[in-house]
Amino acid sequence: MATNSRIPLAFPVRLCKLEFVSPAKPTPDERKLLSDIDDQQTLRSQVLFIQFYRYDPLMQGKDPVEVIRKALAKTLVFYYPFAGRLREGDNGKLIVDCTGEGMMFIEADADVTLEQFGDALQPPFPCINELLYDVPGSDGMLNCPLLLLQVTRLKCGGFIIVTRFNHVICDGMGLKHFMSDMAEMARGAITCSASPVWERHLLDAEDPPRVTFKHHEYDEVDAATAWPPDDNEVQRSFFFGPDEVSALRRLLSLHLRHCTKFELLTACLWRCRTIALNLGPDEKVRMLCLANLRPRSNLSLPPGYYGNAIVFPAAVTTVGELLRNPLGYAVELVRQVKASATKEYAKSVAALMVIRGKQLSSPNVACSYSMSDLTEMRFEDIDYGWGKAVYAGPAKVVGVVSFIIPTKSKTGDSGCSVLICLPTLAMERFDKELDNMLKGYPIQHSEESRKYFISSAM
């Protein structure tokens, strides 16, 4: 296991131009409803996404800012709701007003080379607030740009793109559709490879709405466990290559060693995080597993659907049960909730949003943890003409969400990284517990975990 404990990098960024980029051709002036899955409190947030590109001598004389600006305008013709603004309709329901006002686009230069970021690009990244200028008044839910994009040229000839998107308008795969089409436009395409599809009604609740599942991801929780436990929050990436994954598999019973990497890492990190937060043995903890609904054959979502097609069913147990049991206990809990992400489950979530949406609690609490696997999305394949990205993925995390991201180690080994956000002291305990697991020590080896075994015997 390796972590990104490099010396912080500081560099100046000069903002050159800030403008709105609108669709290159006239687009329909209309209002579009979001789905009941889109329109939930949990998704009313801004997400940062970052891409790093090397200098390519074959692109000598071409300015990435100009190439991407023009491609963006062409792509917005097909994704014209992205150029609109959110309004609030009856009962607080969000509506996209397709005004054509455009996305916010920022041009910048940085006095730094790509090599100065280090051999292994992993979040969190230095100077993220310079790599995406937070335009005052631009990050609200209503009457604000839905996407903000900054292209920063580096002095080595490479460049960095940071995108901030409003999560209610699309999910990670929807963003991938948009950026892939924009990259194709940058390379000369005149239309999208797969036509973008709105059709948000496909993920609306039935009429009348019926909640047919228990949705522990929205359970009311004690406000005393609100995140963060203290103000000293830190972020670190942990790398898992073949050796680390094999070491963790050896902690499982033989019949579970064929589990997926997502199931294994989620179970392991859930356990380490729970110990790190020093929660009481009788406290309930929940693991939210973000599931992409697109592969579910009975949902029939069109290939170009770019709305939120995600649910995050939750495994629930007590701290004591999670930590006294073998690692396989957590693996099986994760596997069970993954399997629950069906069309029927999605419709039940949509119904819950309609019936209780404004009353639902946020999962952003210490006793909750959420994991999203981005390894199959292949954001790094997005090519604007300068080749594949050196890194493409989340720029940072906030609170209880972690992402599994495809990365390489400093020695060039392929694997994945998981970005963790914890208070400072909890991060130290997390690091220690994970190190013990990778060394193959018994589950109750550390002082932090032994107390849960002692308490169960009293």
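Excluded from the calculations below are hydrogen atoms, water molecules and symmetry mates; all remaining heavy atoms, backbone and side chain alike, are included. Note that this is a predicted model, so its numbers are computed, not measured.
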side-chain contact (heavy atoms from CB on, under 4.5 Å) between Phe178 and Cys170, intermediate numbers included: CA-CA 10 Å; Phe178 173 72; Cys170 69; over 6 Å; no
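- A donor and an acceptor atom, one from each side chain of Arg164 and Ser138, are located under 3.5 Å apart.
- A salt bridge links Arg378 with Glu380: the closest approach of a Lys/Arg side-chain nitrogen to an acidic carboxylate oxygen falls below 4.0 angstrom.
- Around the NZ atom of Lys214, the shell of radius 6.0 Å holds no more than 12 heavy atoms that belong to other residues, nucleotides or ligands.
- Under the 3.5 Å distance criterion, the side-chain polar atoms of Ser348 are matched with a main-chain donor or acceptor of Thr212.
- Here Arg69 pairs with Glu66 in a salt bridge; the nearest charged N to carboxylate O distance falls below 4.0 Å.
- Taking the six-membered ring for Trp and the full ring otherwise, the centers of Phe78 and Tyr306 sit at least 6.0 Å from each other.
- Arg286 contributes a side-chain N or O that, together with a main-chain N or O of Glu217, makes up a donor-acceptor pair within less than 3.5 Å.
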Asn166/Met141 under side-chain contact (heavy atoms from CB on, under 4.5 Å): CA gap, chis, key distance, verdict: CA-CA 8 Å; Asn166 190 321; Met141 280 293 109; 3.3 Å; yes
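- Counting only distance, with no hydrogens or angles, the side chain of Gln40 and the backbone of Ile37 share a donor-acceptor pair below 3.5 Å.
- The backbone N or O of Tyr133 sits less than 3.5 Å from a side-chain atom of Gln150, completing a donor-acceptor pair.
- Arg187 CZ: more than 12 foreign heavy atoms inside a 6.0 Å radius.
- In summary, Asp383 and Lys388 do not engage in a salt bridge, as defined by a charged side-chain N under 4.0 Å from a carboxylate O.
- In this structure, Tyr218 has its ring center no closer than 6.0 Å to that of His216.
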Show the numbers, then the answer: is there a side-chain contact (heavy atoms from CB on, under 4.5 Å) between Trp270 and Met371? CA-CA 9 Å; Trp270 184 21; Met371 186 69 75; over 6 Å; no
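- In this view, Asp36 and Lys93 satisfy the salt bridge (Lys or Arg N to Asp or Glu O under 4.0 Å) rule, not counting sequence neighbours.
- Phe379 and Phe49 have their aromatic ring centers within a separation under 6.0 angstrom.
- For Ser22 (side chain) and Glu101 (main-chain N/O), a donor-acceptor pair under 3.5 Å exists by modelled atom type.
- Residues Glu244 and Phe238 have side chains not in contact (no heavy-atom distance under 4.5 Å, counting atoms from C-beta outward).
- Aromatic ring centroids of His215 and Tyr345 lie under 6.0 Å apart.
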Audit row: Glu30, Tyr80, side chain to side chain donor-acceptor pair (under 3.5 Å) steps and yes/no: CA-CA 10 Å; Glu30 59 187 5; Tyr80 62 89; 2.4 Å; yes
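- In the displayed structure, Ile190 atom CD1 is contacted under 6.0 Å by at most 12 heavy atoms of other residues, nucleotides or ligands.
- Using modelled atom types, one finds a donor on one side chain and an acceptor on the other under 3.5 Å when comparing Asp373 with Thr375.
- Atom CD1 of Ile161 is separated from atom CZ of Phe52 by 11.0 Å, given to the nearest 0.5 angstrom.
- The 12-atom threshold is exceeded at NZ of Lys176, counting heavy atoms of other residues, nucleotides or ligands nearer than 6.0 Å.
- Remark: the Thr407 side chain and the Tyr391 side chain contain no N/O donor-acceptor pair separated by less than 3.5 Å.
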Take Asp219 and Lys284 through the test salt bridge (Lys or Arg N to Asp or Glu O under 4.0 Å) and record every step on the way to the result. CA-CA 11 Å; Asp219 283 349; Lys284 284 187 177 180; over 6 Å; no
Candidate pair Lys17 and Val65, rule side-chain contact (heavy atoms from CB on, under 4.5 Å), full reasoning: CA-CA 10 Å; Lys17 189 176 182 181; Val65 171; over 6 Å; no
